[in-house]
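Remember, it's a predicted structure, so these values are computed and weren't measured experimentally. Protein chains get the first letters and strands the later ones, always in sequence-line order, with residue 1 at the start of each.
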Amino acid sequence: MQYKNLHKWNVSPAEAIDIQKDLRKRIVVSHQPSAFKNVRYIAGADISCNRLSPLGYAVVVVMRFPDLEIVEEKWVKGEITFPYIPGLLAFREAPILLKAFEKLTIEPALIIFDGQGIAHPRGMGIASHLGIILNKPTIGCAKSKLFGTYKEPGENKGDFSYLYDNRENVIGAVVRTKSNTKPVFVSIGHKIDLQTSIKVIQQCTKNYRIPEPIRLAHNLVNRLRNKSSVVSHQHSEIADS
DNA sequence: GCGACAG
DNA sequence: ATCTTGTCGC
C-alpha cells in the first residue's frame, strides 16, 4: 500500500502540535453514507510495545466485509521512540504502523484504528492523521474518551449517544457494542461520515466489545510480543546456566 | 491553581 | 499501553 510522507516524525511535542493544526484543514468529511455500500475489505491496525525496550510490533489485519474473514495479516518489528503524550498518540504509533501498511498487498476500502479520529482537542486523532497520510477512509474506535462530553448510552447492544465538543458540535458517538459492557468511542477519521462509521463499527463487532479488525490486530501484536519475550527468556536461561 | 488525559 | 491476582458474571 502506497502513501505520501507529508511531514517528519522526529519532532518536538510543540512541533507535533503545529503539524496537527496544519493537517486539520485537510480532513475530508463525507456526507454520502451510500458510498460504502460495496465495501469489500476493511483493515484494522494496532501496536504493542515492551516497557523495558524501545522495540515494539505493529500489525495490520485485512478482513473481507461483511463476513469478516481474514484475507491478509502483515506485521513489522521496530523501534518506538516518541513517548506517549495524550493528544500526540500518532507521533508514537504512526511511524511503525506505516511500515506495516507498506507491506499490504490488498488495498482495504476502509481502516479502523484503536484511538480517536476527530474526537481530539485539535480534531486530529491518529485515525484522522493516518487517513490523510494513507489517503483512505478511516474510523477512530477508542476504548476510552480523550476529549468531549457525553451522556451514558443505554445498556443494550446497539445503543449509542453522541459525543460533543465544548461548542455543542457532535464530534463522535459513544457506542454500546456489547450489552452491559463499557461503550467504545467512535469518531470520523477521514473521508467518511459518523452515521456510516457507527454502522461499520457495529457490523464489525461480533461477540466482543472491540470490533474484529482491531481486536484481531491487537491479538496478533500481543502474540508476537509474547513470543519474542519467550525467546529472550530462553537466551537468558542459557546465559545463566 | 486543579482536574483530565486515546495508547 | 504494561504489570498483575483474584473475582464476578454470562
Side-chain angles (χ1 to χ4, degrees), chain A residues 9 13 16-17 19-20 23-24 27 44-60 77-98 100 111-132 138-150 155-157 163-166 171-190 197 201 205-211 213-230 232-233:
Chain A
W9 293 101
I17 287 171
I19 289 169
Q20 289 181 328
L23 287 175
R24 179 94 165 84
I27 291 182
D46 196 18
I47 73 155
S48 173
C49 44
N50 202 315
R51 194 177 52 157
L52 306 168
S53 94
L55 286 179
Y57 293 88
V59 162
V60 182
K77 183 179 186 178
E79 278 201 346
I80 299 167
T81 53
F82 200 93
Y84 169 67
I85 299 171
L88 299 181
L89 181 66
F91 288 84
R92 176 172 174 77
E93 299 197 347
I96 190 169
L97 282 174
L98 286 170
I111 308 166
I112 304 173
F113 288 95
D114 189 355
Q116 316 292 345
I118 64 168
H120 176 281
R122 291 169 292 281
M124 189 47 61
I126 188 167
S128 298
H129 198 140
L130 282 175
I132 291 168
T138 59
I139 300 171
C141 180
K143 296 182 292 298
S144 63
K145 188 194 77 171
L146 170 66
F147 180 73
T149 58
Y150 67 97
E155 284 296 329
N156 297 318
K157 177 173 181 171
L163 181 64
Y164 301 89
D165 68 10
N166 39 33
I171 56 172
V174 187
V175 182
R176 196 79 66 181
T177 49
K178 180 175 179 178
S179 296
N180 306 306
T181 302
K182 285 200 329 176
V184 295
F185 295 77
V186 177
S187 56
I188 291 169
H190 184 54
S197 300
I201 291 300
T205 303
K206 288 182 165 177
N207 301 313
Y208 298 89
R209 174 191 177 220
I210 305 300
I214 49 178
R215 189 179 75 81
L216 296 183
H218 190 263
N219 281 353
L220 178 53
V221 94
N222 280 135
R223 289 203 304 274
L224 290 166
R225 190 172 60 83
N226 291 332
K227 191 172 68 178
S228 79
S229 73
V230 169
S232 61
H233 182 58

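- The backbone N or O of A:Arg122 sits less than 3.5 Å from a side-chain atom of A:Arg24, completing a donor-acceptor pair.
- When rounded to the nearest whole Å, the span between CG of A:Leu52 and C1' of C:dT4 equals 15 Å.
- Close approach of DNA chain B to chain A, defined as any atom under 4.0 Å from a non-hydrogen atom of the protein, starts and stops at B:dC5 to B:dG7.
- C:dT4 atom P lies 7 Å from atom CZ of A:Arg51, rounded to whole Å.
- Within the nucleic acid shown, A:Ile47 has no heavy atom closer than 4.0 Å to any nucleic acid atom.
- If you measure from atom CZ of A:Arg92 to atom P of C:dA1, you get 11 Å, rounded to the nearest angstrom.
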* Asked: Which is it for A:Tyr84 and A:Leu89 under the side chain to side chain contact (heavy atoms under 4.5 Å, CB included) test, yes or no, and what are the steps along the way?
  -> CA-CA 6 Å; A:Tyr84 169 67; A:Leu89 181 66; 3.9 Å; yes

Please tabulate, one pair per line, all N/O donor-acceptor pairs under 3.5 Å involving side-chain atoms of residues 178-185 of chain A, not counting sequence neighbours.
{"from": "A:Ser179", "atom 1": "OG", "to": "A:Lys157", "atom 2": "N", "distance (Å)": "3.0"}
{"from": "A:Thr181", "atom 1": "OG1", "to": "A:Ser179", "atom 2": "O", "distance (Å)": "3.0"}

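- Put simply, NZ on A:Lys157 is 14 Å from C1' on C:dC10, counting in whole angstrom units.
- One N or O on the side chain of A:Gln20 and one on the backbone of A:Gly87 form a donor-acceptor pair closer than 3.5 Å.
- Within the nucleic acid shown, A:Leu88 comes within 4.0 Å of at least one base atom, counting heavy atoms only.
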* Asked: Can you list the steps and then say if A:Lys145 with A:Tyr150 is a side chain to side chain contact (heavy atoms under 4.5 Å, CB included)?
  -> CA-CA 10 Å; A:Lys145 188 194 77 171; A:Tyr150 67 97; 3.8 Å; yes

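- With a 3.5 Å limit on both pairing distances and Watson-Crick or G-U wobble geometry required, DNA chain C contains no stem of 3 or more pairs.
- Spacing between atom OH of A:Tyr57 and atom P of C:dA1 amounts to 18 Å, rounded to whole angstrom units.
- Residue A:Asn222 places at least one side-chain N or O closer than 4.0 Å to OP1 or OP2 of C:dT2.
- Nearest-nucleotide positions on DNA chain C place A:Glu93 closer to the 5' end than the other of A:Asn180 and A:Glu93.
- Although no hydrogens or angles enter the test, the distance criterion places a donor-acceptor pair under 3.5 Å between the side chain of A:Thr138 and the main chain of A:His190.
- A:Ile80 and A:Ser48 get closest at one heavy-atom pair: CD1-O, 4.3 Å.
- Checking the phosphate oxygens (OP1, OP2) of C:dC10, no side-chain nitrogen or oxygen of A:Lys178 falls inside 4.0 Å.
- For A:Arg225, no side-chain nitrogen or oxygen approaches OP1 or OP2 of C:dA1 to under 4.0 Å.
- One atom, CD1 of A:Ile210, and another, C1' of C:dA1, lie 14 Å apart when rounded to the nearest Å.
- Using a 4.0 Å heavy-atom cutoff across all strands shown, A:Gly140 reaches no nucleic acid atom at all.
- Counting any heavy atom pair closer than 4.0 Å across all strands shown, A:His129 reaches no nucleic acid atom.
- Atoms CD1 (A:Ile85) and P (C:dA1) sit 18 Å apart, rounded to a whole Å.
- Among all heavy-atom pairs drawn from A:Leu146 and A:Pro86, the shortest one is CD1-CB, 4.4 Å.
- Listed pair A:Ser48 / C:dA1 fails the phosphate criterion, with no side-chain N or O lying under 4.0 Å from OP1 or OP2.
- Counting only distance, with no hydrogens or angles, the side chain of A:Glu79 and the backbone of A:Ser53 share no donor-acceptor pair below 3.5 Å.
- Checking each of A:Ile112, A:Leu163, A:Ile201 against A:Val186 for a side chain to side chain contact (heavy atoms under 4.5 Å, CB included) leaves exactly one that passes, namely A:Ile201.
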